[in-house]
Colleague: 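Encoded as structure tokens, here's the structure I'll be asking about.
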Amino acid sequence: MANFYTDNPDLKLHLQHPLMRKIVALKERDFADAEKFDYAPLNHDDAMDNYNRVLEIVGELCGTTIADNAEGVDHDGPTVANGRVTYAPGTQENLAACRKAGLMGMAMPRRYGGLNFPITPYIMAADIVSRADTGFENLWGLQDCAETLYEFGSEDQRERFIPRVCAGETMSMDLTEPDAGSDLQSVMLKATEQPDGTWLLNGVKRFITNGDADIHLVLARSEDGTKDGRGLSMFIYDKNQGGVNVRRIENKLGIKGSPTCELVYKNAKAELCGSRRLGLIKYVMALMNGARLGIAAQSVGVSEIAYREADAYAKDRKQFGKAIIEFPAVQEILANMKAKLDASRCLLYETARYVDLYKAYEDIARDRSLTPDERKEMKLYNKLADACTPLAKGLTSEYCNQNAYDCIQIHGGSGFMKDYACERVYRDARITSIYEGTTQLQVVAAIRHVFTGTYSQLIAGYAAMEISEELQAQKAVVEGLAQKYEEAVNHVHEINDTAYTDLMARHLVEMAGDVVMSYLLMTDATRYNSASLTRSAKVYVNLAAANIAKNAAIIASVTPENMSVYTPLND
């Protein structure tokens with residue numbers, strides 16, 4: 001019987017990272033829950049055993065039910081009638097199985113019915129689910145929204161809504177509108193306060209994943225006369241209250257099991273979440289950061305299935321009297337795919353650990369004042385998470401698309417047919433570099449950490465870590481790549497031209513990502529004594545060297561004076 005956790009030893013390696021001891025200690029608060037809940041861990045080892053057991057359940061469910069249903073869900077898709085969505089039969093079976101296994105609300109505190117998982121093992125579950133069915137991860141993964149409810153809702157709201165999520169009700173985040181895609185400051189869905197303190201929502205939302213969910217977090221304009229983000233607030237809408245109908249389901253290229261809806265709000269009763277005017281400025285930013293980490297996990301899961309499908313086909317397909325995996329050209333593609341997958345996963349879990357640490361301190365601060373040292377650590381990990389999240393979302397999604405492309409290339413003409421899973425994987429992959437902020441928007445979020453030195457500090461820290469004797473040659477190469485990165489940053493900084501900096505931003509961010517992921521691969525290969533990661537580190541450093549040389553050459557050759565070649569022609 002297939003199990004998508006136990007068949008992937010790299011996942012268990014990342015769960016063994018030394019920072020997990022600190023993460024578990026902070027999350028479990030000296031394991032005080034053991035006195036209140038019979039399923040709460042008694043100590044660190046007990047907690048790790050619990051994560052492993054739950055992930056084995058996730059892996060088994062994904063390797064059987066969810067993976068088995070993926071093709072049928074892609075074919076059937078959801079339907080809409082009378083303003084309500086009906087999931088594909090396979091999706092309904094998947095959700096029922098996840099509810100029965102207690103896999104909803106995994107990261108929520110036990111007092112609300114959750115498992116109190118840290119972000120890292122929860123993201124590991126998202127990685128596994130995405131490998132089984134990328135579209136289903138969108139439905140299952142929207143339990144992330146409960147984190148925003150927990151952080152910013154009142155205690156009354158937490159007690160009313162979070163147990164419902166943990167019991168299996170679904171969520172959505174209703175942000176975008178027909179005239180406000182990535183520009184969320186332009187949101188115009190109107191929120192009108194009523195004498196009893198409730199609100200009525202009126203307007204239209206578009207491109208809403210799982211738009212007929214049970215519980216919605218809604219961005220709406222609460223302040224009359226405003227046109228920017230300062231007039232937006234966050235609201236909680238309960239489908240049981242009525243007032244929101246699904247006008248249509250988008251006919252999409254991929255992730256077809258996940259209904260992407262256009263919603264019509266007509267006097268929909270809702271309640272304010274948190275404070276007025278902070279909907280976009282504070283709450284949606286937090287919500288989006290969590291969603292972006294989820295898309296990074298989704299991207300890694302897609303890279304995983306793309307690599308496995310390509311590898312299996314290459315071993316089975318015979319040409320000219322031998323399996324095509326014996327041809328060097330095919331071997332190179334597969335080695336590059338595995339290196340990109342492993343580099344993506346290293347960055348994903350490094351980011352998840354930083355998020356875990358700062359969120360754990362934030363949660364503790366709700367109950368008591370942090371010590372000066374704790375507050376200092378919280379600020380550090382918050383900065384690192386803020387820097388690594390756009391890097392992870394942007395680069396893992398780009399690699400996911402590249403791996404899906406190469407998966408079809410390995411299959412040749414067969415990959416273009418619906419007989420093989422790679423055709424669906426290719427379609428599912430495409431959205432990862434678009435939704436929850438395109439790669440270009442991730443660059444906008446990341447570039448300030450280039451010039452404030454956050455990435456340079458990370459790189460310096462990684463450079464000081466132990467690296468195996470076998471990877472010393474690669475370490476020397478990466479030290480040189482880090483120097484090229486610093487030279488490129490200084491060059492752009494010294495020119496001090498805003499338009500030029502904007503044009504060069506993606507090249508700088510890619511260079512930072514290549515150096516960071518090279519170091520992460522080498523340090524993780526050393527830490528876990530992994531032959532597989534060591535091999536990928538050697539391959540990835542070659543890729544990084546070529547990519548950094550390309551980006552450095554572009555930065556060196558383009559100037560404010562000749563950059564006009566990138567502007568539109570005046571026809």
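All values derive from a computational prediction rather than experimental measurement.
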Colleague: For the side chain of Asp46 and the backbone of Leu42, is there at least one donor-acceptor N/O pair under 3.5 Å apart?
Modeller: yes

Colleague: Specify the closest pair of heavy atoms between Thr260 and Phe207, including all atoms of both residues, with the distance to one decimal.
Modeller: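 Distance-wise, the nearest heavy atoms are CG2-CA, 3.5 Å.
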
Colleague: Ignoring hydrogens and angles, tell me if any N or O in the side chain of Tyr381 forms a donor-acceptor pair with the backbone of Arg353 under 3.5 Å.
Modeller: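 No; judged by distance alone, with no hydrogens or angles, the pair does not exist.
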
Colleague: Any side-chain donor-acceptor pair under 3.5 Å between Ser222 and Ser233?
Modeller: yes

Colleague: In terms of side-chain heavy atoms, does Asn289 have a donor or acceptor partner in Thr389 at a distance below 3.5 Å?
Modeller: no

Colleague: Within the supplied structure, the quantity of interest is the number of heavy atoms (other residues, nucleotides, ligands) at a distance under 6.0 Å from Arg21 CZ; does it exceed 12?
Modeller: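 Check fails, neighbour count at 12 or below.
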
Colleague: Apply salt bridge (charged side-chain N to carboxylate O under 4.0 Å, His left out) to the pair Arg53 and Asp49, showing each step before the final yes or no.
Modeller: CA-CA 6 Å; Arg53 285 187 288 109; Asp49 181 64; 3.0 Å; yes

Colleague: Does atom CZ of Arg230 have more than 12 heavy-atom neighbours, drawn from other residues, nucleotides or ligands, at distances under 6.0 Å?
Modeller: no

Colleague: Check the angle between the aromatic planes of Tyr237 and His216 and answer parallel, tilted or perpendicular using the 30° and 60° thresholds.
Modeller: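 Plane angle over 60°, so perpendicular.
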
Colleague: If only atom types and distance count, is the side chain of Lys252 paired as donor or acceptor with the main-chain N or O of Ile255 below 3.5 Å?
Modeller: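 It does hold such a pair.
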
Colleague: Measure from the side-chain N and O atoms of Asn401 to the backbone N and O of Ser397, and report whether any donor-acceptor pair falls under 3.5 Å.
Modeller: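 Yes, Asn401 side chain to Ser397 backbone: donor-acceptor pair under 3.5 Å.
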
Colleague: Nearest 0.5 Å please: distance from the CE atom of Met517 over to the NZ atom of Lys340.
Modeller: 10.5 Å

Colleague: About how many Å separate CD of Glu398 and OG1 of Thr396, when rounded to the nearest 0.5 Å?
Modeller: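 Interatomic distance, Thr396 OG1 to Glu398 CD, rounded to 0.5 Å: 9.0 Å.
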
Colleague: When you measure from the side chain of Ser275 to the backbone of Leu278, do you find a donor-acceptor pair of N or O atoms at a distance under 3.5 Å?
Modeller: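 Such a contact is absent between Ser275 side chain and Leu278 backbone.
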
Colleague: State, without any angle test, whether Asn69 and Glu93 hold a side-chain donor-acceptor pair at a distance under 3.5 Å.
Modeller: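 There is such a pair between these side chains.
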
Colleague: Does Lys393 reach the main-chain N or O of Cys388 with its side chain, forming a donor-acceptor pair under 3.5 Å?
Modeller: no

Colleague: Indicate yes or no for a side-chain donor-acceptor contact from Asn245 to the backbone of Val264 under 3.5 Å, with no hydrogens or angles considered.
Modeller: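 Judged by distance alone, no pair lies under 3.5 Å.
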
Colleague: Would you compute the distance between atom CD1 of Ile208 and atom OG1 of Thr176 and round it to the nearest 0.5 angstrom?
Modeller: 4.0 Å

Colleague: How about Glu71: does its CD atom have over 12 heavy atoms from other parts shown lying under 6.0 Å from it?
Modeller: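 It does not: Glu71 CD has 12 such atoms or fewer within range.
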
Colleague: Under a 4.0 Å N-O cut-off, is there an ion pair linking Glu155 with Arg366?
Modeller: no

Colleague: Between Arg427 and Asp74, does any NZ, NE, NH1 or NH2 come within less than 4.0 Å of an OD or OE carboxylate oxygen?
Modeller: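 Salt bridge: yes.
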
Colleague: Is there a salt bridge (charged side-chain N to carboxylate O under 4.0 Å, His left out) between Lys205 and Glu177 once you walk through the steps?
Modeller: CA-CA 4 Å; Lys205 292 287 185 182; Glu177 297 179 5; 3.1 Å; yes

Colleague: Please determine whether salt bridge (charged side-chain N to carboxylate O under 4.0 Å, His left out) holds for the pair Glu223 and Lys190, giving the CA-CA distance in whole Å, both sets of side-chain angles, and the decisive distance to 0.1 Å.
Modeller: CA-CA 9 Å; Glu223 313 306 315; Lys190 184 172 179 59; over 6 Å; no

Colleague: Ala70 and Asp133: which non-hydrogen atoms are nearest, and at how many Å?
Modeller: CA-OD2, 3.8 Å

Colleague: If every non-hydrogen atom of Val85 is compared with every non-hydrogen atom of Asp212, which pair is closest and at what distance?
Modeller: N-OD2, 2.9 Å

Colleague: Which value, rounded to the nearest 0.5 Å, describes the distance between Phe235 atom CZ and Tyr265 atom OH?
Modeller: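 Answer for the CZ-OH pair, Phe235 versus Tyr265, is 11.0 Å.
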
Colleague: As a quick check of understanding, evaluate salt bridge (charged side-chain N to carboxylate O under 4.0 Å, His left out) for Asp127 and Arg345, giving each step before the final call.
Modeller: CA-CA 9 Å; Asp127 179 348; Arg345 186 167 275 134; 3.1 Å; yes

Colleague: Is the backbone N or O of Glu304 less than 3.5 Å from a side-chain atom of Arg131, with the two atoms forming a donor-acceptor pair by type?
Modeller: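 No; zero donor-acceptor contacts below 3.5 Å.
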
Colleague: Return yes when atom CG of Asp156 has more than 12 non-hydrogen atoms of other residues, nucleotides or ligands closer than 6.0 Å, and no otherwise.
Modeller: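 Yes, because the 6.0 Å sphere around CG of Asp156 holds more than 12 heavy atoms from other groups.
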
Colleague: Describe, in one word, how the ring planes of His14 and Tyr349 are oriented to each other, choosing from parallel (under 30°), tilted (30 to 60°) and perpendicular (over 60°).
Modeller: tilted

Colleague: Is it true that the side chains of Lys383 and Thr454 contain a donor and an acceptor less than 3.5 Å apart?
Modeller: no

Colleague: If you take all heavy atoms of Asp524 and Cys346, which pair is closest and at what distance?
Modeller: OD2-SG, 3.3 Å

Colleague: Tyr361 vs Glu377, test: side-chain hydrogen bond (donor to acceptor under 3.5 Å, both in side chains). Steps then yes/no.
Modeller: CA-CA 8 Å; Tyr361 279 125; Glu377 280 205 343; 2.4 Å; yes

Colleague: Does Arg29 come within less than 4.0 Å of Asp367, counting only side-chain N to carboxylate O?
Modeller: yes

Colleague: Looking only at heavy atoms, which two atoms of Ala291 and Met173 are closest? And how far apart?
Modeller: CB-CE, 3.6 Å

Colleague: Is it true that, when you exclude Glu35 itself, more than 12 heavy atoms of the residues, nucleotides or ligands shown sit nearer than 6.0 Å to its CD?
Modeller: no

Colleague: Would you call Arg248 and Glu262 a salt bridge, using N to O less than 4.0 angstrom?
Modeller: yes

Colleague: Nearest 0.5 angstrom please: Lys22 NZ to His44 NE2, how far?
Modeller: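 Result: 13.0 Å between the selected atoms.
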
Colleague: When you compare the side chains of Asn116 and Asp33, does any donor N or O come within less than 3.5 Å of an acceptor on the partner?
Modeller: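 Short answer, no.
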
Colleague: Just checking, any donor-acceptor pair under 3.5 angstrom between side chains of Ser172 and Asn210?
Modeller: no

Colleague: Are the ring centres of Trp140 and Tyr122 closer than 6.0 Å?
Modeller: yes

Colleague: Does Asp214 reach the main-chain N or O of Thr170 with its side chain, forming a donor-acceptor pair under 3.5 Å?
Modeller: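 Judged by distance alone, yes, a pair lies under 3.5 Å.
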
Colleague: Looking at every non-hydrogen atom in both residues, tell me the closest pair between Cys166 and Gly114 and how far apart they are.
Modeller: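 Between these two residues, the closest heavy atoms are SG-N, 3.5 Å.
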
Colleague: Within a 6.0 Å radius of atom NZ on Lys239, are there more than 12 heavy atoms belonging to other residues, nucleotides or ligands?
Modeller: yes

Colleague: Hey, could you give me the CG/OH distance between Leu61 and Tyr5, rounded to the nearest 0.5 Å?
Modeller: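 Separation between the atoms: 15.5 Å.
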
Colleague: Donor-acceptor pair, Gln143 side chain versus Leu103 backbone, under 3.5 Å?
Modeller: yes

Colleague: Under 3.5 Å, is there a donor-acceptor pair between the Glu350 and Tyr354 side chains?
Modeller: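 Yes - a donor-acceptor pair under 3.5 Å links their side chains.
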
Colleague: Does any donor atom in the side chain of Gln298 or Tyr435 lie under 3.5 Å from an acceptor atom in the other side chain?
Modeller: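 Short answer, yes.
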
Colleague: Atom CZ of residue position Arg430 - does it have more than 12 heavy atoms of other residues, nucleotides or ligands inside 6.0 Å?
Modeller: no

Colleague: Classify the side-chain pair Asp196/Thr198 by whether it contains a donor and acceptor separated by less than 3.5 Å.
Modeller: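 Yes.
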
